[in-house]
Trainee: 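Below are the C-alpha cells for one structure; questions will follow.
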Amino acid sequence: MPPPFRADPAKVPRTKSRAEALVAAVTLKPQGWGAGFRAQQPAVSTPGTVAVLNGQCRWERQALPKGVLASFSRYSEIPAADGKGEVKVTASVTVHRTVRDADERLASTLEEPLRCRQQQVRTDEWITELMSAASPYGQSNNTYADDQVIEIGKYVTGKSEQTYRWYVTRVGTVTLAVSVKGAEGYTANELDSYAANANGMMINTVEFELGGDS
C-alpha cells in the first residue's frame, strides 16, 4: 500500500484568499465529468456559503462557519435526450481551518442518514432510503485519501425514483464532495463510475495544488 499523501505545509491554505483560489481550481467543471455534460442553471453556489442539512432535514446554504475558510460548488448535468432522463451532478470543495474541522465534517456526513433517512433538496426533490459507510485510509481499498464517506440512496422527483450517490473525501484540511442524481436510462454502474471518476480527478488536483510527497 502506498504511503498517504502529505501536503507541503507552506502550500496548505491558511487565509481566505488562498482557500478561495484552491476551491476554484479543484472543483470539477462540467467538461471534467465527461462527454455530454454542461453547466446547470445556476452553475455555481452562492459565494461565502456552504450546504447544510438543517434540523428539518432540508438542505440549505448558510454562511461559512468558523471552521471553514472557503467552500465552492459547481452544478452540472447531462440533458435529457434519446429516451434518457436528465442526470444532475454536483462537485464541491471545502477548505477547513484545521484537520479536526475537516474530520468533523466527515463525522457529521456519516451520521446524517441516521438523523434524516429522507432529505429534502428542493421543493420537489428528495433523497430517501439513505445509508452511509466510512472508509478511513487503509480500509475498504482506500489507498488515496485520509478518510471517505459514501452515501447511497434514492433520488425522488414526483413519481420518479432513481439512483443517488454521494462521496465525501478528506485530504488533509480539504474535503471534496461529489453527488450524482440518476435518471431513466442510466444504470447504477454508470452513475457510480461518474462519481468515482470525478472524485479521483479532484483528489489528483488537490495533490497537485498542495504539492506534497505522495
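Along the sequence shown, residues are numbered consecutively beginning with 1.
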Trainee: Looking only at atom types and distance, does a side-chain atom of S45 sit under 3.5 Å from a main-chain N or O of S73, one as donor and one as acceptor?
Mentor: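 Looks like yes, one N/O pair under 3.5 Å.
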
Trainee: Taking only Lys NZ, Arg NE, NH1 and NH2, and the carboxylate oxygens of Asp or Glu, determine whether K88 and E125 approach each other closer than 4.0 Å.
Mentor: yes

Trainee: Rounded at 0.5 Å granularity, tell me how far OH in Y155 sits from CD in Q119.
Mentor: 14.0 Å

Trainee: Do other residues, nucleotides or ligands put more than 12 heavy atoms under 6.0 Å from the CG atom of N141?
Mentor: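 Open: at most 12 neighbouring heavy atoms sit under 6.0 Å from CG of N141.
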
Trainee: Any side-chain heavy-atom pair from F37 and Q31 closer than 4.5 angstrom?
Mentor: no

Trainee: Which of these passes side-chain hydrogen bond (donor to acceptor under 3.5 Å, both in side chains) with R170: T94, T175, D103?
Mentor: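 For R170, the side-chain hydrogen bond (donor to acceptor under 3.5 Å, both in side chains) test succeeds with only one of T94, T175, D103, which is D103.
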
Trainee: So, N142 side chain and A145 main chain: donor-acceptor pair closer than 3.5 Å or not?
Mentor: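 Here the side-chain-to-backbone pair exists.
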
Trainee: Main chain of S76, side chain of Q40: is a donor-acceptor contact present, judged purely on distance under 3.5 Å?
Mentor: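 Yes, because the side chain of Q40 sits within donor-acceptor range (under 3.5 Å) of the backbone of S76.
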
Trainee: With rounding to the nearest 0.5 Å, note down the distance linking CH2 in W33 to CE in M201.
Mentor: 10.0 Å

Trainee: Pair E77, R38 - check salt bridge (Lys or Arg N to Asp or Glu O under 4.0 Å), show working.
Mentor: CA-CA 6 Å; E77 65 186 10; R38 68 180 186 188; 2.8 Å; yes

Trainee: The test is side chain to side chain contact (heavy atoms under 4.5 Å, CB included); show your working for E129 and E161 and say whether it passes.
Mentor: CA-CA 11 Å; E129 300 179 32; E161 184 178 277; 4.0 Å; yes

Trainee: With distance as the sole criterion, is a donor-acceptor pair present between the side chains of T169 and N199 under 3.5 Å?
Mentor: yes

Trainee: How many angstroms lie between OH in Y164 and OG in S179, if you round to the nearest 0.5 Å?
Mentor: 5.0 Å

Trainee: Quick one: are S92 and T27 in side-chain contact, heavy atoms under 4.5 Å?
Mentor: no

Trainee: Taking the side chain from D146 and the backbone from G172, do they hold a donor-acceptor pair closer than 3.5 Å?
Mentor: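 Yes, the answer is positive, given that a donor and an acceptor are paired below the 3.5 Å cut-off.
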
Trainee: On a heavy-atom basis, which atom in R18 and which in A10 lie closest, and how many Å separate them?
Mentor: NH2-O, 3.2 Å

Trainee: When you measure from the side chain of T49 to the backbone of T46, do you find a donor-acceptor pair of N or O atoms at a distance under 3.5 Å?
Mentor: yes

Trainee: Using every non-hydrogen atom in the two residues, find where C57 and R115 come nearest and quote the distance to one decimal.
Mentor: SG-O, 4.1 Å

Trainee: According to a hydrophobic-cluster definition based on side-chain heavy atoms being under 4.5 Å apart (Ile, Leu, Val, Met, Phe, Trp, Tyr only), do I152 and L176 belong together?
Mentor: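 Both belong to a single hydrophobic cluster.
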
Trainee: Please determine which of T173, L22, D8 meets the side-chain contact (heavy atoms from CB on, under 4.5 Å) test together with L210.
Mentor: L22

Trainee: Sort out for me which residue in V26, L28, T205 forms a side-chain contact (heavy atoms from CB on, under 4.5 Å) with V93.
Mentor: V26

Trainee: Going by heavy atoms in the side chains, are V23 and V95 under 4.5 Å from each other?
Mentor: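 In short, these two side chains touch, coming nearer than 4.5 Å.
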
Trainee: Hey, is the main chain of N189 close enough, under 3.5 Å, to the side chain of S193 for a donor-acceptor pair?
Mentor: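 No.
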
Trainee: What verdict does the side chain to side chain contact (heavy atoms under 4.5 Å, CB included) test give for E209 and K11, after you've listed the backbone C-alpha separation in whole Å, the side-chain angles of each residue and the deciding distance to 0.1 Å?
Mentor: CA-CA 8 Å; E209 292 290 334; K11 295 184 178 180; over 6 Å; no

Trainee: Please check if the distance between the ring centroids of Y144 and F5 is under 6.0 Å.
Mentor: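 No: the rings miss the under 6.0 Å criterion.
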
Trainee: What heavy-atom pair brings A70 and L64 nearest, and what distance separates the two atoms?
Mentor: CA-CD1, 4.0 Å

Trainee: Has R61 got a side-chain atom pairing as donor or acceptor with V52's backbone, closer than 3.5 angstrom?
Mentor: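 No, R61 side chain to V52 backbone: no donor-acceptor pair under 3.5 Å.
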
Trainee: Give me the atom names and distance for the closest heavy-atom approach of V50 to A63.
Mentor: CG1-O, 4.3 Å

Trainee: With rounding to the nearest 0.5 angstrom, report the CD1 to CD distance, I127 to E151.
Mentor: 7.5 Å

Trainee: Checking the side chain of Q56 only, and the main-chain atoms of R58 only, is there a donor and an acceptor separated by less than 3.5 Å?
Mentor: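 Flag not set: sc Q56 to bb R58 has no pair under 3.5 Å.
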
Trainee: Write down the atom of A198, the atom of V178, and the distance for their closest heavy-atom approach.
Mentor: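 Between these two residues, the closest heavy atoms are CB-CG1, 4.0 Å.
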
Trainee: So, the side chain of T187 versus the backbone of E190: is there a donor-acceptor pair under 3.5 Å, distance only?
Mentor: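 Pair found, side chain donor or acceptor close to backbone of E190.
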
Trainee: Salt bridge or not between D147 and R105? Use side-chain N to carboxylate O under 4.0 Å.
Mentor: no

Trainee: Minimum heavy-atom separation for P79 and G36, please, with both atom names.
Mentor: CD-O, 3.6 Å

Trainee: With the threshold set at 4.0 Å, does a side-chain nitrogen-carboxylate oxygen contact exist between E104 and R100?
Mentor: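 Looking at R100 together with E104, the answer is yes, because their closest N to O distance falls below 4.0 Å.
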
Trainee: Give a yes or no on whether W166 and V149 share a hydrophobic cluster (residues Ile, Leu, Val, Met, Phe, Trp, Tyr; joining criterion: side-chain heavy atoms under 4.5 Å apart).
Mentor: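 Linked, W166 and V149 end up in one cluster.
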
Trainee: Between R117 (side chain only) and L130 (backbone N and O only), is there a donor and an acceptor less than 3.5 Å apart?
Mentor: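 Checked: pair present.
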
Trainee: Tell me, do L191 and T163 make a side-chain contact under 4.5 Å, heavy atoms counted?
Mentor: yes

Trainee: Less than 4.5 Å apart, side chain to side chain, heavy atoms only: is that true for L69 and R14?
Mentor: no

Trainee: Please round to the nearest 0.5 Å and tell me the distance separating atom CD1 of I78 and atom OH of Y194.
Mentor: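 It is 3.5 Å, given to the nearest 0.5 Å.
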
Trainee: How long is the span from the OG atom in S135 to the CG atom in L106, to the nearest 0.5 Å?
Mentor: 10.5 Å

Trainee: Mind running side chain to side chain contact (heavy atoms under 4.5 Å, CB included) on Q120 and W59 for me, showing each step along the way?
Mentor: CA-CA 6 Å; Q120 187 173 8; W59 284 98; over 6 Å; no

Trainee: Applying side chain to side chain contact (heavy atoms under 4.5 Å, CB included), run through E184 and K84 and close with a yes or a no.
Mentor: CA-CA 5 Å; E184 185 177 355; K84 292 186 175 183; over 6 Å; no

Trainee: If Ile, Leu, Val, Met, Phe, Trp and Tyr residues are connected whenever their side-chain heavy atoms lie under 4.5 Å apart, and connections chain through other members, are M202 and V44 in the same group?
Mentor: yes

Trainee: Find out if a path of hydrophobic residues (ILVMFWY) with successive side-chain heavy-atom gaps under 4.5 Å connects V89 to V168.
Mentor: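 Different clusters: V89 never reaches V168 through Ile, Leu, Val, Met, Phe, Trp or Tyr contacts under 4.5 Å.
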
Trainee: Should V206 and V12 be regarded as members of a common hydrophobic cluster, given that ILVMFWY residues are connected when their side-chain heavy atoms come within less than 4.5 Å of each other, either directly or indirectly?
Mentor: no

